[in-house]
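Every chain is numbered from 1 and lettered A, B, ... according to where its sequence line falls, protein lines coming before strand lines. Note that the structure is predicted; figures quoted are calculated from it, not measured.
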Amino acid sequence: MTTFKIASWNVNSLKVRLPHVLNWLNEIKPDVLAMQETKIIDAVFPYDEFAKQGYVAISSGQKTYNGVAILWKEKALDIMTSFPGFDDPQRRILGVTVGDIRVINLYIPNGQSVGSEKYQYKLTWLNYLKEYLKQELLKYPRIIVLGDFNIAPQEIDVYEPLLWQGKVLFSEPERAAFQDILQLGFVDTYRILNPMDKKFSWWDYRLYAFKRNQGARIDHILASDALVSYCRQSTIDPTPRGWERPSDHAPVYAEFHFN
DNA sequence: ATGGTTGCAACGCAA
């Protein structure tokens, strides 16, 4: 029996959050950590700090905004950093393969507000994602798609559905795009294993949102149909959100048990 | 209540 623990965390600046990330890795010891909003270029990525804890890092970063990275205990192959035919300067996707598992780390655009240019970019991005995942499923049966989706899939995933109605992160087109992705052959591991739990992964920095637990579940770990039966646990860990100078997102992680 | 806070980097932008 081997267990495989995979995590995702929007760190909102790896430079600022590095101590939190190192502490959390030491405590939870995931096999893989996918990070978003690293906001750091590859040349100054803190590879050595992670190597001390036994992780190899791959970064697809940029200055100031966006940036994704994956930590893994083994060598990763088939690195992918942008959709075919979409020359996007924003570093938002990182796909890697280790063993027989394909991992796709996402920082889906926030969308700013419904109807804005950034919202349109988000929907366009989601279309490219759908096409890409469709192709990936033909190549790899075992896929984990995880990251900051910036989409709360259902009413149970926001603190006050009436307040969120029609708003960015919860609008119908975004939620429909999320369902379309599941339709390709993926399962939201948190929701299938915790059908009634109303827990959040992100809280706005403003207005004491975390203290009031006014948040949304927008960070997800999807498993392809071939992997779902091996997933035994999918968790949100709100603890680091309460630490000093936190990210606005909590880490999430899922555990798979293989024979 | 159309605010509020954080990170970046530079006096605004993105989240």
Taking everything shown except A:Glu160 itself, do over 12 heavy atoms lie less than 6.0 Å from its CD?
yes

Under 4.0 Å between a Lys/Arg side-chain N and an Asp/Glu carboxylate O for A:Arg212 and A:Asp204?
no

Do A:Tyr107 and A:Glu37 make a side-chain contact, defined as non-hydrogen atoms from C-beta onward lying under 4.5 Å apart?
yes

How close or far is atom P of B:dC8 from atom CD of A:Gln90, stated in whole angstroms?
17 Å

Both A:Arg212 and A:Asn150 contact DNA chain B. Which one's nearest nucleotide lies toward the 5' end?
A:Arg212

Say we look at B:dA14 and B:dG4: how far apart would their C1' atoms be, to the nearest angstrom?
15 Å

Just how far, in rounded Å, is P of B:dG4 from CD of A:Gln214?
16 Å

Between which residue ranges does DNA chain B form stems of three or more consecutive Watson-Crick or G-U wobble pairs, both distances under 3.5 Å?
B:5-8 with B:12-15

Check whether any side-chain N or O of A:Arg92 sits under 4.0 Å from OP1 or OP2 of B:dA15, and answer yes or no.
yes

Over 12 non-hydrogen atoms of neighbours within 6.0 angstrom of NZ in A:Lys134
no

Side chain proximity check, A:Asn110 to A:Lys122, heavy atoms < 4.5 angstrom
no

Here the distance between atom C1' of B:dG7 and atom CG of A:Asn10, to the nearest Å, is 12 Å

Check this one for me: any side-chain N or O of A:Ser13 less than 4.0 Å away from OP1 or OP2 of B:dC8?
yes

Nearest whole Å is fine: how far is B:dA15 C1' from A:Asp148 CG?
10 Å

Atom pair distance, as rounded to whole Å: OH in A:Tyr205 and P in B:dA15
14 Å

For A:His249 and B:dT6, what is the distance between atoms NE2 and C1' respectively, to the nearest whole Å?
12 Å

Is it the case that atom NZ in A:Lys73 sees more than 12 heavy atoms from other parts of the structure closer than 6.0 Å?
yes

Taking only the P atom of each, what is the distance from B:dG3 to B:dC13 in whole angstrom?
15 Å

What nucleic acid atoms does A:Tyr107 come within less than 4.0 Å of, heavy atoms only: base, sugar-phosphate, or nothing?
sugar-phosphate

Crowded around A:Met1 CE? As in, over 12 foreign heavy atoms under 6.0 Å?
yes

Report yes or no: is the cationic atom of A:Lys211 (NZ for Lys, CZ for Arg) closer than 6.0 Å to the six-membered ring centre of A:Tyr208, at no more than 45° off its axis?
yes

Of the candidate nucleotides B:dG4, B:dG7, B:dA9, which contains the atom at the shortest distance from the side chain of A:Arg206?
B:dG4

Grab the NZ-P distance between A:Lys211 and B:dG4 for me, whole Å please.
17 Å

Can you tell me the distance, in whole Å, between the CG atom of A:Asp248 and the P atom of B:dT6?
10 Å

B:dA15, B:dT5, B:dC8: which one has an atom nearest the side-chain heavy atoms of A:Thr64?
B:dC8

Separation between the P atoms of B:dA9 and B:dA15, rounded to whole Å
15 Å

Among B:dC8, B:dT5, B:dA15, find the nucleotide with the atom closest to the side chain of A:Lys118.
B:dA15

DNA chain B: A:Arg245 or A:Pro109, which has the more 5' nearest nucleotide?
A:Arg245

